[in-house]
Amino acid sequence: MNLHDQLTSNIITMKTKSYNHHHQNNNVAGGGGGNASDSSNSGSNSPSPPPSPRRQASIFQYRRRLRTKSYSFNSRRDKYSGFGFLFRYNARYLAVLSLLYVSGLFMCVGPFSGLIGRTPVPGSVYRSHQIFDKFWNDIHSDNSTAIEMSSVWMYKRKVKVQKPCPNSTAGQHLSLDKESAARSGYLIVDANGGLNQQRSAICNAVAVAGHLNAVLVIPRFELNSVWKDTSEFGDIYDEEHFIATLDGYVKVVRELPDPLMEKYDYNITNIPNFRVQAWTTANYYLREVYPVLREQGVIRIAPFANRLAMNVPPHIQLLRCIANYRALKFSSSISTLAEKLVKRMTEKSSRTGGKYVSIHLRFEEDMVAFSCCLYDGGKAEKLVMDSFREKWWKGKFKKKDRVILPGVNRINGKCPLTPLEVGMMLRGMGFDNNTSIFLASGKIYQAERHLAPLLKMFPLLYTKESLATPDELAPFQEYSSRLAALDYTVCLFSEVFVTTHGGNFPHFLMGHRRFLFDGHAKTIKPDKIKLVVLLQDMNISWRTFKDEMEIMLSESDRKGMMVPRLRKINRKTSVYTYPLPECSCLLQSDNTTLKLTHSVVKPRNSQLESAR
């Protein structure tokens, strides 16, 4: 069934439901007190609302009642009056639905007609491989206007003298006296998701524990069905450093005291789980969670990702900053190898003064399948993707109300960029074939075929697998979070970071780079809605494409310096992506030294000094 037929079928179904529902409402109401709102929410399973208070009957309502009473005496007569009744009262709904139907037809023959008709809508079809073939001679010979790595980022921000950090101890803000200053209890959280979603949960847990004057038990990591990584906190982060850095702000322990463990049969899961909604306010924790914590002595919240609103008071926000940029330091095994990878990447970038570009590429098979986008693999690719979706997500993509429109997804910028598209974009921006590229990614979908054009454009292409020896990488191979930590660190210290498809990894990384580089993310964030249109235009010239890419780079430069304007407490953006201004007090006024304890990588210049 094509889009037009589906739309027609849906509208007919809507008409039938509306007619039946309205007819039922009129029968229940006995012909009195009915109004337009009776026909809303026809698809809901919720109970009907109570009847409205009776109002003084009008002449019109009396006539309706007379018609109802006469039904039992003269069925034949009522048959015709009933049709008239339904016609009059359903006419307005039928008229509205008719207009919707006509609008739907216009939509089908209008901007979306290309998805079902002859002429494709700009940006809806993947033709990047054809554009690459057309541009290749120009790309191959165009090294004369190469951009200098030292001049990629033109926007600068004047570094202000930082104010001292506010006091973030709970006693100051809970008005606790010396007698009641004892800890309110123990907080246990389960951090779910991948590396950076877990990181978010840890930082939020520190903030909540400080807010409630609770003792934080080292967060537990849930075993994810997708990543299947059995790593615990100490496998990824330095526990000793975490506990010591937070001392004076939040007390952290490795496990519950023995009396409490005995109470729950030495099983953490026996502790009743307190369910908290996503993005819960700080006031809710004080009002609802704090009393329970005081009464029970321990509370468990699982899952804990995104369970604290971004909009919180400054002293709570600061705890997030301290946790993220001071307390969370990768474990020695990760940091040692990460330091070697950064050093090797720097050495391989000698042609560009030790500066390199890092790309976070989301073109793994699961990501391509989940996006429901089509590339250049034809029917064979579609069958493989359909099979993959069914295997991992069962019937999720086959539900009756789910319509998959790959062209619409591409137009809306929801399709992962291919290695080829990323390469053409960077060459258009002015990065030549002497540029060293670090590729942070999982297993690329059909890697040999999709990476070949990227390698043609950028022969100096490296990954953690090519930088590390097999023996060095062996202890990490079965642990996706530890591998992601290696990628994170190498990307963190690149001169240019390129994000291609969103997610927690680039959001945390952009924020960390803003914290590291005086407020500038130094990140290229492509305008994919614009890019897919350009990469479908077979008439576009290389010069025109380059002009558009240079504009896109300039926009990334400008937006990389953006800092949210906060009035009191009205933050809507993530503090992990935009850490300034709340985290700025952690920066020393002497800009030659930044005390970054996140990684033990030795810096390449004075701005990254004392990173160990």
Side-chain angles (χ1 to χ4, degrees), residues 120 122-143 357-369 371-378 380-382 384-385 406-407 409-411 413-463 466 496-502 524-542 544-546 548-550 552-553:
S124 64
V125 178
Y126 180 82
R127 287 181 178 164
S128 302
H129 57 302
Q130 297 172 355
I131 295 288
F132 173 71
D133 291 339
K134 174 186 175 181
F135 283 166
W136 172 241
N137 289 334
D138 293 315
I139 293 173
H140 183 63
S141 60
D142 188 8
N143 284 314
V357 174
S358 62
I359 302 172
H360 182 229
L361 188 64
R362 298 306 314 273
F363 204 70
E364 301 90 349
E365 188 173 24
D366 60 336
M367 180 58 67
V368 175
S371 70
C372 298
C373 296
L374 296 179
Y375 294 93
D376 58 336
E381 179 179 278
K382 185 180 184 303
V384 170
M385 291 295 101
N409 291 347
R410 186 166 175 80
I411 290 170
K414 295 181 179 179
C415 292
L417 293 180
T418 65
L420 179 150
E421 290 173 321
V422 176
M424 281 198 291
M425 177 188 73
L426 290 176
R427 289 302 298 263
M429 289 177 175
F431 297 94
D432 64 10
N433 59 6
N434 289 317
T435 304
S436 295
I437 302 283
F438 176 78
L439 198 62
S441 176
K443 186 178 180 181
I444 301 295
Y445 170 57
Q446 295 187 356
E448 187 175 349
R449 179 168 73 91
H450 284 115
L451 286 177
L454 181 60
L455 274 166
K456 285 181 70 175
M457 290 182 277
F458 293 100
L460 303 178
L461 182 68
Y462 305 96
T463 63
S466 64
V496 177
F497 171 61
V498 183
T499 175
T500 63
H501 198 59
I524 295 174
K525 190 175 181 181
D527 181 349
K528 293 201 287 184
I529 294 176
K530 177 180 179 180
L531 187 60
V532 297
V533 174
L534 296 173
L535 291 176
Q536 187 181 317
D537 184 3
M538 295 302 297
N539 295 319
I540 193 171
S541 68
W542 174 243
T544 301
F545 182 77
K546 278 180 65 76
E548 294 293 339
M549 292 304 98
E550 288 168 5
M552 197 176 292
L553 176 59

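Index from 1, following the sequence. These values consider heavy atoms only, across backbone and side chains, with no hydrogens, waters or symmetry-generated copies.
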Review point. Is it true that E365 and K443 make a salt bridge, defined as a side-chain N closer than 4.0 Å to a carboxylate O?
Key: no

Exercise for review: Spell out, as yes or no, whether a donor-acceptor pair under 3.5 Å connects the side chain of Q536 to the backbone of S124.
Suggested key: yes

Review point. In Å, rounded to the nearest 0.5 Å, how long is the span from CD of E421 to CD1 of I131?
Key: 10.5 Å

Review point. Does the side chain of R127 come within less than 4.5 Å of P120's, by heavy atoms?
Key: yes

Review point. Looking only at atom types and distance, does a side-chain atom of H450 sit under 3.5 Å from a main-chain N or O of Y445, one as donor and one as acceptor?
Key: yes

Check your understanding: Do you know which two heavy atoms are closest between L439 and L461, and how far apart they sit?
Key -> CB-CD1, 4.3 Å

Practice item. Identify the heavy atoms of M457 and L420 that sit nearest to each other, and give their distance. Key: CE-O, 3.6 Å

Review point. Are R427 and F545 in a cation-pi contact, defined as NZ or CZ under 6.0 Å from the six-membered ring centre and within 45° of the axis?
Key: no

Exercise for review: Using the six-membered ring wherever Trp is involved, compare the ring planes of F363 and Y375 and label them parallel, tilted or perpendicular (cut-offs 30° and 60°).
Suggested key: perpendicular

**Study point:** Validation row: L531, E548 side chains within 4.5 angstrom (heavy atoms)
**Key:** no

Point to revise | Minimum side-chain heavy-atom gap I524-L553 below 4.5 Å | key: yes

Practice item. For residues D432 and T435, determine if any side-chain heavy atom of one lies less than 4.5 Å from a side-chain heavy atom of the other. Key: yes

**Study point:** Ionic contact status for K546 with D142, cut-off 4.0 Å
**Key:** yes

Check your understanding: Does the side chain of I437 come within less than 4.5 Å of V498's, by heavy atoms?
Key -> no

Review point. Minimum heavy-atom separation for G413 to I529, with atom names?
Key: N-CG1, 3.9 Å

**Study point:** Gap separating the CG atom of L535 from the OG atom of S128, nearest 0.5 angstrom
**Key:** 4.0 Å

Point to revise | Over 12 foreign heavy atoms within 6.0 Å of NZ, K414 | key: no

Point to revise | Heavy-atom closest pair, residues T500 and K528 | key: O-NZ, 3.2 Å

**Study point:** Nearest atoms (heavy-atom pairs only) where C373 meets P416
**Key:** SG-CD, 4.4 Å

Practice item. Measure from the side-chain N and O atoms of S466 to the backbone N and O of Y462, and report whether any donor-acceptor pair falls under 3.5 Å. Key: no

**Study point:** Straight-line distance of K134 NZ to D537 CG, nearest 0.5 Å
**Key:** 7.0 Å

Exercise for review: Specify whether H129 and Y126 have parallel, tilted or perpendicular ring planes, treating 30° as the upper limit for parallel and 60° as the lower limit for perpendicular.
Suggested key: parallel

Exercise for review: State whether the number of non-hydrogen atoms from other residues, nucleotides or ligands found under 6.0 Å of K525 atom NZ is greater than 12.
Suggested key: no

**Study point:** Within-4.5 Å side-chain heavy-atom neighbours: F135 and I540
**Key:** yes

Practice item. Report yes if the side chains of V422 and L361 come closer than 4.5 Å at any heavy-atom pair, otherwise no. Key: yes

Exercise for review: Taking the side chain as every heavy atom from C-beta outward, state whether V496 and S358 have any atom pair closer than 4.5 Å.
Suggested key: no

